[in-house]
Amino acid sequence: MKKILEITLGIVTSVGGFLEIGSIATAAQAGAAFGYQLIWAVVLGTICIAVLVEMSGRFAAVSGHTLPDAMRERFGATFFALPFVVLLAVSFLVLTAEIGGVAVALEIATGLRFPWWGLPVALLSWALLWRGTFGLIEKGVSILGLVTIAFAVGAVKLHPDYGAVARAALPSLPLPHSDWAKYWFIAVSILGASISPYLYYFYCAGAIEEKWDESYLATNRVIATLGMAFGGFLSVAIVITAALTFKPASIAADHYDQLPLLLLPPLGKAGFWLFLASLGIACLGATLEITLSLAYFVAQGLGWNWGEDLEPAADARFSLGYTLIILLATPIVLLGVDPLKITMLAMALTATSLPLGTFPFIILMNDKKYLREHTNKPLGNIVVVLISIIAAVLGVVSIPLEIMGG
Amino acid sequence: MLLVSEVLDNQLVDSEKKNAGKVDGIVLELRDGRPPRLAYIEVGPITLLDRFSRRLARWYARIDARFGEGRGQPIRIPWRQVAKDDVNLFLLDAKSTPVFAVEDWLREHVVSRIPGGRQS
Amino acid sequence: MSPVRSIAALTAVVLLACAKSPEEKARQAAETIESWKATVASVDSARLRKEVPEHFARVVRRTASEEIAKAAAHAK
């Protein structure tokens, strides 16, 4: 019975981490510009992150190590330095976008411009981390995050052609007269939004915080797969909704002021507020997760004491680490830099830098010294390596094109 | 025979299983006609930074030196003060080394001063 | 030519080739303007049905006119 409860909570958690301003913005733009066509990118991204999350949970449960700790141990600090720095930089950029996301939700709800909300949001996030425990944050945000089911409800109410949706799950090339650069840029941004490294580093640290062992392997598989699938399913719902509300109206959804219109046709006035609640809560959850993820990454790579379940005095460097991270991320929001533009760039950069993080990870997942008889099956390796390469190639090609065009 | 790969960049824990940093550097003793012996391990940012940039390491060392006697130097620990089982590298008598110096200082002077930092 | 110079030259050529033609720019500008006009129309009817607050409608109208002005300038 306890395991069933844990599984449910685990799935709910995964939803909170998956859906954030990146997945919302990219899915909305995809639907607005290309209808159902880019659903394959969401599917591909979801499959990849589900595999990565399951692997990171298995790694923690079997080896008792976290990923950054093991990566430094196995590859040495000098080799690890490059992925380390790149991951920190890109995740940090995503963090600023998420804080911006909460601020934007508050701006639209209240009329007060988003830079003013930067400080309150940062303070709230910090206070939740300082005083909260891992379990409290995880469960609290997840339960609140259920509001994002509104996207699924909205999509269903619009009576999409489910056959067309299903067909769109297979990869396709852009149509002859469409904007190719935009198509591939949004595709790569969707991949970056779905396959966020901070998600599986956070999950891995969480598995250690919750003291998982080998008995959790089956639970881990269920949580990783169903959790990520549910998140992906909600992203698809956003693509469908945007395809049916924005595309016919020729609204591009490339400015955050247009996004709250998404759920108006299916859900009316409730749709406006549900959208804002979903955006705000999902971004707050992501803010907390990414901040912790960054702090875990540094602490585990440098061998410090760490743990959200510990009081700050018990792991001073870790707690001051995440404090500093939030402090550094806030000014960008205060300066009024457009969160949506940061988001699209951050997602694309995440995708482009994917192999730097996933390749060492795959090597570890095949190392018997850490995983004994639980090393990867060939399919898992192939899925991750292939999708990482696709993401990186698309990124390298499409980011310059988009910058030149946009 | 202990390989460098089994020691360098590995996690150290103290006798209470609390994390005590990573092995940031090792010092080998060269002996005539015999294989080199692991004499010391080094822990701390000065050693770690030195693997990337001597300048950064020196800059950090200068700041660290201001915090007291014996600081501003790499933390060098004799190999006999380290125990190894299948899983962990134990740092024996960790409190006699400065590995927790920064952590302790931050706890006393910063974290405790922020409301909610210390709950007991 | 040194490798760095060759890479820089190649990058410049690729970027220039990918730069948008005037027709492309005009098309994009037209799309942006249409998008914002549609947005304002959508918000106005939502406002009539009392689905969105007035302050939001006001902000959207203001953003729309700013973005339309920017797009019109770019198309030149």
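Lettering of chains follows the sequences in order, A, B, ..., and the numbering in each one begins at 1. Worth saying up front: this structure is predicted, and the values here are computed from it rather than measured.
Residues of residues 53-60 of chain B lying within less than 4.5 angstrom of chain A, judged on heavy atoms, are absent. The contact list for residues 364-372 of chain A toward chain B, using heavy atoms and a distance under 4.5 Å, is empty.
Not a single donor-acceptor pair under 3.5 Å links the side chain of A:Glu73 to the backbone N or O of B:Asn10.
Both the backbone and the side chain of A:Trp130 come within contact range of chain B, each with at least one heavy atom under 4.5 Å from a heavy atom of that chain. If you measure heavy-atom distances from B:Leu12 to chain A, you find no contacts under 4.5 Å at all. For B:Val43, no part lies near chain A; criterion is any non-hydrogen pair under 4.5 Å. Only the backbone of B:Pro115 has a heavy atom closer than 4.5 Å to any heavy atom of chain A. For A:Ala314, the part sitting under 4.5 Å from any heavy atom of chain B is the backbone (N, CA, C, O) and nothing else. Only the side chain of A:Leu320 comes within less than 4.5 Å of a heavy atom in chain B; its backbone stays farther off.
Here the CG-OG1 distance, from B:Leu8 to A:Thr78, works out to 8.0 Å after rounding to the nearest 0.5 Å. Rounding to the nearest 0.5 Å places CG of A:Asn305 at 6.0 Å from CD of B:Glu103. Distance check: A:Phe80 CZ to B:Asp9 CG gives 10.0 Å after rounding to the nearest 0.5 Å. Between the CZ atom of A:Arg317 and the CZ atom of B:Phe100 there is a distance of 8.0 Å, given to the nearest 0.5 Å.
For B:Phe90, the CZ atom sits in a packed shell: over 12 heavy atoms of surrounding residues, nucleotides or ligands are nearer than 6.0 Å.
Ion pairing between B:Asp24 and A:Arg72 holds under the 4.0 Å rule for side-chain N and carboxylate O.
Considering every non-hydrogen atom in both A:Ala316 and B:Val111, the closest pair reads CB-CG2, 3.8 Å.
Looking at heavy atoms from C-beta onward, B:Asn19 lies in side-chain contact with A:Trp306 at the 4.5 angstrom threshold. A:Asp69 has its side chain within reach of B:Lys22: a pair of non-hydrogen atoms, C-beta onward, lies under 4.5 Å apart. The closest side-chain heavy-atom distance from B:Ile114 to A:Trp126 is below 4.5 Å.
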